[in-house]
Amino acid sequence: MPRLRVTTWNINSVRLRQDLVLKLLAETKPDVLCLQEIKVMTDLFPHDPYEQAGYRHRAVLGMKGYNGVAILSKAPLERIDGPDWCKKGDSRHLTARIGGVEIHNFYVPSGGDIPDPKQNPKFAHKLAFVDEMADWFRKNRKPKDPMILVGDLNIAPLEHDVWSHKQLLDVVSHTPIEVEKLGKVQKSSEWVDAVRNFVPEDQKLYSWWSYRAADWALSNRGRRLDHVWVTPPLKKSLKGYSILKDARGWEKCSDHVPVTVDLAL
DNA sequence: ATGGTTGGGGTCCAA
């Protein structure tokens, strides 16, 4: 029964943090690594170090300066180009079929500061993007399809996915409208939250800590923005998870840490 | 209530 270990990480510049990506690959040894915010044009993605590290199959969708997603795999992958979300051409989603499983890598818009779509076009974009995700899966895929969805969804849906539910109810990433819309995406393919499958909902879980805290570990005001979901056929295959909190303390680190899930297929 | 930090590209915008 082959293991499939999938890691998702918002790397916040793949070029600046190349050594950290290689460190993660060496330590965690995922079969598939999904990156977000690579912040590099597709043609300038640094392939060589990953080729040499044994990740010989790669799909990259980048752009200049912002966003960008990539999938690195030890096993062959078949790239599937998805829709142009919100018709913005902004490199936020990439799909690969690897060994009979379809893996969706998403970077959902952050949404700006003001949680009102009428005042803040970035928040309107985020809500429209999440709406489109639900529509797309409902129309184009079925819950019985073996799929994994990972990425920086920029939404912490549960009360204990944030350091203070009450204080963040009006903060973009944890507002009721975002949580409701993300719930509709979850329903679209009956997605199972793989990490919460292992960790009860009354336990705090974070994958992101702001750069702006004087001492991120001491204040520990985190949010769980990075997710791994699976469709029902894969639920029984879930074997374990890890959230590499140590990576938030690495030199020149990302503000997100790697989230890993193991499946036995 | 406010401000705090980081990256990319270019001396500001996005997160």
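Values below: every heavy atom of this structure, side chains too, minus hydrogens, waters and symmetry copies. Just so it is clear: chains get the letters A, B, ... in the order the sequence lines come, proteins before strands, and each one is counted from 1.
Separation of the P atoms belonging to dT11(B) and dA1(B) is 35 Å when rounded to the nearest angstrom. Distance check on atom P: dA15(B) versus dG9(B) gives 15 Å, rounded to whole Å. With P as the reference atom, dG7(B) and dG3(B) are 22 Å apart, rounded to whole Å. Spacing between dT2(B) and dT6(B) at atom P, rounded to whole Å, works out to 23 Å.
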Can you give the donor-acceptor pairs under 3.5 Å from side chains of residues 63-70 of chain A to other protein atoms, not counting sequence neighbours?
from	atom 1	to	atom 2	distance (Å)
N67(A)	OD1	R92(A)	NH2	3.4
N67(A)	ND2	D90(A)	O	3.1

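In summary, the side chains of R141(A) and S189(A) do not present any donor paired with an acceptor at a separation below 3.5 Å, with no hydrogens or angles considered.
Expressed to the nearest 0.5 Å, how far CE of M147(A) lies from CZ of F137(A) amounts to 5.5 Å.
In summary, of the residues considered (L225(A), L182(A), D226(A)), a side chain to side chain contact (heavy atoms under 4.5 Å, CB included) with L153(A) occurs for L182(A) alone.
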| said: What does the B/S/- profile of nucleotides 6-15 of chain B look like, 5' to 3', with a 4.0 Å heavy-atom cutoff to protein? | reply: SSSS----SB
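The number of heavy atoms from other shown groups lying within 6.0 Å of CZ (R56(A)) does not exceed 12.
Remark: T7(A) pairs with T260(A) by the side chain to side chain donor-acceptor pair (under 3.5 Å) rule, at least two apart or across chains.
Between the CZ atom of R248(A) and the P atom of dT5(B) there is a distance of 12 Å, rounded to whole Å.
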